[in-house]
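Labels below follow one simple rule: chain letters A, B, ... track the order of the sequence lines, proteins then strands, and each chain is numbered from 1. Any value given below was found using the heavy atoms of this structure, including those in side chains, with hydrogens, waters and symmetry copies removed. Just so we're clear, the structure is a prediction, and the values are computed from it rather than from any experiment.
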Amino acid sequence: MDQELVRRAATGDHEAFSDLATNAFEALFRTARLVLRDDDLAADAVQDALLSAWLHIRAVRDPARFEGWLRRLLIRACYAQATRARKHRTIELRVDELEVVGDATAEIEDRHARRDQLERGFLRLSLDHRAVLVAHHYLGLPDLEASTMLDIPIGTYKSRLNRATSAMRAALEADERSLARRQESLA
Amino acid sequence: MSASDTFGAELAAWLHDEAEGPVPSSALEHALRATSARRPRPALVASVASHWIMAGAADPMREVVRKPLTPSRVLILALVALLAVALAGGAILVGGRAEQRAVPAIAPSAAPVIPPASPAPTPSAAQSASSTPRPGRDASGKWPGPVQTLPEMAVQAMELRPDSGRLVWNDGRDAPIEGLDITRVVTGPPQTGWSFAIAGHPPEAAELDAADTVLSYGLVFETTGDGRADYVLGINSDAPVVGDYRVWITDLATGETQEQVGPPYGRPIEFSHPSETSNSRVMSFWFINGNVPFGSKVRSFYAWSALTRAGETVAWDYAPDAAWLSVPV
């Protein structure tokens with residue numbers, strides 16, 4: 001991250017901020033995509049984070065910490081998006097057109113792949129747990145930096161990371177234990 | 001490399017794969033357009049306002065942005081506090097009036113109502129019923145719960161697929177909402193796993209406000225051969241943590257319920273929810289290692305789904321309606 005760009009942006013230079021945003025956008029979006037598991041929500045979260053960053057950029061006194069601060073805004077925006085999505089999305093009560101249902105048994109068989117196990121396990125985690133796993137395993141942040149990004153004490157971060165890993169393992173092991181039996185029962 | 005390292009490496013590789021894919025540049029354009037129309041807040045205001053953005057015990061930046069309370073900052077804080085008090089007062093006033101007008105008819109329920117075990121249907125009971133309920137509804141036309149309360153339940157044989165050895169029941173389209181409409185039921189033998197296809201991909205638990213809308217799927221089992229429901233199991237979208245599920249199984253004879261709220265899942269029954277995989281329309285339940293906790297074999301069963309809104313179940317489906325699916329013991 002170019003610290004000079006941060007300094008210029010802090011003076012109100014929108015062009016400098018545009019460069020900062022453009023440089024950071026892809027990494028921010030991919031992080032939000034993992035945490036939220038929804039590209040639309042991720043895009044909204046990144047937009048919110050960038051807007052917050054622009055509005056509050058004069059609060060940044062140390063340009064070297066801009067990147068971490070931006071990630072932190074992103075995580076907050078992810079939480080806000082998740083909450084907003086929960087509150088505003090509703091089921092439509094409607095009569096839909098007839099639709100041919102795919103082969104249920106084939107779908108069951110297809111889900112036995114390890115990637116699907118990982119996806120199922122990850123989706124079952126809470127947003128808190130997903131965020132710590134993304135901070136640790138995807139972003140590869142040191143503990144202090146990760147806890148700052150997530151706005152939690154470092155001790156909480158470490159214990160949350162342990163719990164998230166355990167929850168992920170438990171979900172995968174449950175899948176593995178049942179695999180043979182499931183194949184037997186449904187084969 | 002330890003097992004922990006291996007798992008971490010596998011998880012990291014999967015996360016990197018999942019993060020890949022096209023990035024919508026339109027989001028950046030929108031963000032830049034939105035920011036170009038605004039000006040950054042003055043340093044003082046930005047610092048004050050940024051406390052809510054950057055608050056946290058472990059925040060090294062907090063020390064950087066924290067400033068001593070100057071008279072001007074005290075004045076701003078006092079004005080903000082006054083404004084907050086005024087807004088809170090207004091909210092209480094308006095809320096109080098709204099509360100007087102709104103009288104909730106039915107409190108939201110945590111789970112679909114599970115009726116107690118009904119007595120065995122007898123011909124005399126059926127004949128003496130003053131108003132025979134229609135299939136899938138009680139006498140008042142409402143949802144009777146996962147356990148159908150008809151005087152008599154037919155028994156339907158599932159179709160044996162010679163190629164796979166699976167037992168299949170095609171239920172067709174008979175529910176008004178795709179995400180509830182159970183169209184096909186599949187099972188073993190042996191009776192340790194059950195799946196059913198739904199006509200449409202249902203919303204994720206995280207998309208639903210559990211205080212208002214609860215989506216549930218489940219099965220009802222008959223294990224003794226007397227035609228009465230013995231166990232009900234289900235999965236609800238109403239766990240306290242958004243996006244989690246409540247998985248439960250009730251012994252109708254004793255009324256005892258085992259449940260798991262949120263992860264780790266697997267007990268009392270493992271499941272695969274359609275919302276866990278993109279575009280999946282299959283709900284599966286199975287007992288880990290085949291340990292069916294009934295002490296006896298499942299003789300017949302049926303599947304159910306329900307949508308509960310503001311405490312009232314407004315749509316549902318049984319597969320099949322008014323019948324058990326018999327399975328070879």
Side-chain angles (χ1 to χ4, degrees), chain A residues 12 14 17-18 21-22 25-26 29-30 33-34 43 46-47 50-52 54-59 61-62 65 69 73 85-87 89 91 93 95-96 98-99 101 104-105 107-108 111 116 118 120 123-124 126 134 137-138 147-148 151-154 167 170-171 174 177-178 181-182 185-186, chain B residues 8 11-12 14-15 18-19 23-24 27-28 30-32 34-36 38 40-41 43 46-47 49-50 53 56-61 64-65 166 173 176 178 183-184 186 188 190 192-193 195 197 199-200 203 206-207 209 213 241-242 263-266 270 276 280-282 284 286 288-290:
Chain A
H14 188 262
F17 181 79
S18 295
T22 303
F25 177 74
E26 188 171 321
F29 180 81
R30 294 191 190 287
R33 168 186 273 165
L34 288 175
V46 175
Q47 288 179 51
L50 289 174
L51 182 58
S52 276
W54 173 240
L55 293 177
H56 297 93
I57 192 146
R58 286 177 173 152
R61 301 301 176 91
D62 183 355
R65 288 174 169 158
W69 180 67
L73 295 182
R86 179 178 64 85
K87 284 183 177 170
R89 288 194 187 180
I91 302 175
L93 290 172
V95 179
D96 292 285
L98 289 179
E99 186 182 345
V101 175
T105 55
E107 274 194 75
I108 293 164
R111 276 203 307 274
D116 288 342
L118 285 163
R120 277 203 300 274
L123 281 171
R124 285 180 179 181
S126 66
V134 169
H137 290 291
Y138 176 67
S147 66
T148 302
D151 197 11
I152 53 178
I154 191 166
R177 280 198 306 272
S178 62
R181 180 60 65 179
R182 184 161 50 145
S185 66
L186 296 175
Chain B
L11 189 54
W14 178 78
L15 286 169
E18 288 295 304
V23 173
L28 175 62
H30 289 152
L32 293 180
T35 53
S36 67
R38 310 279 293 271
R41 291 174 184 165
S47 296
S50 67
I53 293 178
D59 179 15
M61 285 197 65
V64 176
V65 298
R166 293 176 180 132
R173 294 293 305 269
E178 276 190 340
T183 56
R184 182 186 297 178
V186 182
T192 55
S195 294
E207 296 175 349
D209 184 348
T213 304
V241 175
V242 176
Y265 299 111
E270 181 58 293
E276 291 180 285
S280 172
R281 288 172 291 169
V282 177
S284 297
W286 65 94
I288 291 176
N289 297 327

Asker: Considering all heavy atoms of both residues, which atom of A:Ala21 and which atom of B:Leu32 are nearest to each other, and what is their separation?
Answerer: CB-CD2, 3.9 Å
Asker: Chain B heavy atoms under 4.5 Å from A:Tyr138: which part of the residue, side chain, backbone, both or neither?
Answerer: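 Contact with chain B: backbone and side chain both.
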Asker: What's the shortest heavy-atom distance between B:Glu18 and A:Leu34, and which atoms?
Answerer: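 Taking B:Glu18 first and A:Leu34 second, the nearest heavy atoms are CB-CD2, 3.7 Å.
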Asker: Need one label for A:Leu50: side chain, backbone, both or neither, based on atoms under 4.5 Å from any heavy atom in chain B.
Answerer: both
Asker: Can you see which heavy atom on A:Arg124 is nearest to which on B:Glu270, and at what distance?
Answerer: NH1-OE1, 3.5 Å
Asker: I need the B:Leu15 CG to A:His137 NE2 distance, nearest 0.5 Å.
Answerer: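 Going from CG on B:Leu15 over to NE2 on A:His137, the span is 7.5 Å.
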Asker: Measure across A:Trp54 and B:Thr35 and return the closest heavy-atom pair with its distance rounded to 0.1 Å.
Answerer: NE1-O, 2.8 Å
Asker: Can you measure from CG (B:Leu28) to CD (A:Glu26) and round to the nearest 0.5 angstrom?
Answerer: 10.5 Å
Asker: Can you give me the closest heavy-atom contact between A:Phe29 and B:Pro24, atom names plus distance?
Answerer: CZ-CD, 3.3 Å
